[in-house]
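Reading through the structure tokens given below for one structure.
As the structure is a prediction and not an experimental result, all values here were calculated from the model.
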Protein chains: 2
Amino acid sequence: MPETARREDRPADRAPDRASGTRYGNRPTMKDVAARAGVGLKTVSRVVNGEPGVTADTERRVQEAIEALGFRRNDSARVLRKGRTASIGLVLEDLADPFYGPLSRAVEEVARAHGALLINGSSAEDPDREQELALALCARRVDGLVIIPAGDDHRYLEPEIKAGVATVFVDRPAGRIDADVVLSDNFGGARDGVAHLIAHGHRRIGFIGDMPRIHTAIERLRGYRAAMEDAGIAVEDSWMSLGVTDPERVRRAAEEMLSGPDPVTAVFTGNNRVTVTVIRVLAGLPRPVALVGFDDLELADLLQPGVTVVAQDAAALGRTAAERLFRQLDGTHLSPERIELPTRLVQRGSGEVPPSA
Amino acid sequence: MPETARREDRPADRAPDRASGTRYGNRPTMKDVAARAGVGLKTVSRVVNGEPGVTADTERRVQEAIEALGFRRNDSARVLRKGRTASIGLVLEDLADPFYGPLSRAVEEVARAHGALLINGSSAEDPDREQELALALCARRVDGLVIIPAGDDHRYLEPEIKAGVATVFVDRPAGRIDADVVLSDNFGGARDGVAHLIAHGHRRIGFIGDMPRIHTAIERLRGYRAAMEDAGIAVEDSWMSLGVTDPERVRRAAEEMLSGPDPVTAVFTGNNRVTVTVIRVLAGLPRPVALVGFDDLELADLLQPGVTVVAQDAAALGRTAAERLFRQLDGTHLSPERIELPTRLVQRGSGEVPPSA
DNA sequence: CTGAAAGCGCTTACAG
DNA sequence: CTGAAAGCGCTTACAG
């Protein structure tokens, strides 16, 4: 007999059939199952959770009632009683950014391995929105939080962390609190990338990066400066540009440092979005300009020339952070740590272009 | 006085200080706040929820208690009582695929506008995993579900939908149940793309697509066949290849149809991953071969030649689906609908290459 | 093997 | 304006 034919069996005193979906529609509960199977509530609970101590016959009766009613345990109620929600939150900058896709997926896989679901949100690089999201996730009592911070003050999380919410920052460190963080070696990666350009004969090298309140932007700029200093090159202010990464500003910045009497002969770009815009600018120039970009790009190897990049392992960042999170949740008290993942210089052509005369 | 100095004020009968984080660590509840402020539970609830009917003085006392204890409302408990969880689930194929990033982000934005959080999961194109995920989300009592289906039988969702879980399928239709679905015009897009190649003089045109159990793969193949038929071209079996989209198989398929005595002079690729692999194959060939790909790619315009594509609007798919979902949740009963979004042919060069002799 | 009672942390529906 | 009681749907801790 079809499940739906049984709907009227449900106790009449339960939610009336109002259209507007209060009470999750009108779902059967363990109590309904117990009544139908003629057993106690606890017995239903045992069957649903696969606990021992139920005779085969009782179990069968309960199973039948479950199927007839279309019962599905309300984990929301379960969670309230048990304490752990088996869900973790991920606050990132923008789900649509190709850098965060693999990172999210890696976090998700680790969560899945631990039986947890992932709640995801984009801060859109807005500190207020980051806070709003993180606190909303805490109110839902996620067991832990993986945060790619937009802001630089995370004291708002102190009570939550104290209350037991595991927290790991990724890609950028926490601000004004002591917390686990998993980073790429932004400084070293940028330094190596710029040193690579220097090794290929460049001295006038431009740097176009993200807003200076972003940690990675500062670190990469620091790497640029270090490489230049190591080579004894005095950096001119007009070679550096930090700011929002929208195509308009980046295009202007690139055009400025590439024009005038003493243009740069090479550019180091501070992230994937900047790199893409600069590639477009360079494609319109009559002379070749060398380019090394931070972050890898799909199809980068197929461009002419191929784009030399300092690649981060986004998936490894996510995986490492999530694993650390669950280690925290395992109960062992860990003191906050800073984990740094190496970057990799991938030579494809654009970084090996010599300076044009 | 610092918040932490107040921790010992919490009633001693509440959770002991065990290290392993049961009971969400050791969080204060409304009851604790009420006790500290010397008011009733309901008054705390009123203040926390900004309900009227509390004198300024009482409100101040409650607020003080809230801050001193570091109280944050447990939405998990709230949800149990209220019926709606203000969260929706998104089951997609792979968070790391660049096609799903913008789609997820769009769903998230709509959810946010409705005050809901997004729980995200990847099916990895595995029907069992899709089901497991979707049902886990239902057990968490998400208000609604946006599903990019991997399987072709969704009868398992019938009890959930009947129980009030709003459901919208995206990118591919539901199997064996009647549900809302938001699709791109896969058939028309593929037909136009192939017709474009024909208009540029090609007759021997290859098609490389995804596994034939995937709806979009079938529709795009159908579009290919329709365009060929419209032009009076008899398609040879060796021109078509459907299967997993891993680079190995796609590469072999492309190489096969591009070799032999009568190779194809143009290729139509069935999705972004296939396109990327085929671009690599074509880059290694001595003669030019025309290419039109389904799905747009970042940097596609910067390749030589630029890649002509049939572009879908991934963000519009996500937005439309999520809006439909919340329309369902608004209570008006809507009969299942099929919404089709147009695709756009973007000419960039590769699709305008003439047949080589 | 089985189940009644209490409780998780809130909101609802009342009563004062 | 304020609050005590009941209840959301489960699990826990017992007792039989």
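- Atom NZ of B/K31 is separated from atom C1' of C/dG9 by 10 Å (rounded to the nearest Å).
- Looking at heavy-atom distances under 4.0 Å, B/D75 makes no contact with the nucleic acid at all.
- Counted by atom type alone, B/H154 and B/Q131 present zero donor-acceptor pairs between their side chains at under 3.5 Å.
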Expected output check: what is the dot-bracket annotation of DNA chain D, where ( ) and [ ] are pairs inside the strand (brackets for crossing ones), | is paired with another strand, and pairs are Watson-Crick or G-U under 3.5 Å?
|||.||||||||.|||
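- Between A/E108 and B/S122, the side chains place a donor N or O and an acceptor N or O closer than 3.5 Å (distance only, hydrogens not considered).
- Put simply, CZ on A/R84 is 19 Å from C1' on C/dG9, counting in whole angstrom units.
- In this structure, B/E59 atom CD and D/dT2 atom P are separated by 10 Å, rounded to whole Å.
- Under the salt bridge (charged side-chain N to carboxylate O under 4.0 Å, His left out) criterion, A/R46 pairs with no residue, sequence neighbours left out.
- Comparing A/A77 and B/T43 by the nucleotide of DNA chain D whose heavy atom lies nearest to each, the residue mapping closer to the 5' end is B/T43.
- Residue A/V48 is out of contact with every strand shown, counting any heavy-atom pair closer than 4.0 Å.
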I'd like a table of atom pairs between the protein and nucleotides 12-16 of chain C - only N or O on both sides, under 3.5 Å - with the distance next to each one.
{"unit_1": "C/dT12", "atom_1": "OP1", "unit_2": "B/K82", "atom_2": "NZ", "d": "3.2"}

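- Scanning for ring pair (Phe, Tyr, Trp, His ring centres under 6.0 Å) contacts around B/Y100 gives an empty result, with sequence neighbours left out.
- Residues passing the salt bridge (charged side-chain N to carboxylate O under 4.0 Å, His left out) test with B/R327: none are found, sequence neighbours excluded.
- With sequence neighbours excluded, the residues forming a side-chain contact (heavy atoms from CB on, under 4.5 Å) with B/E59 are B/V47, B/V54, B/Q63, listed by chain and number.
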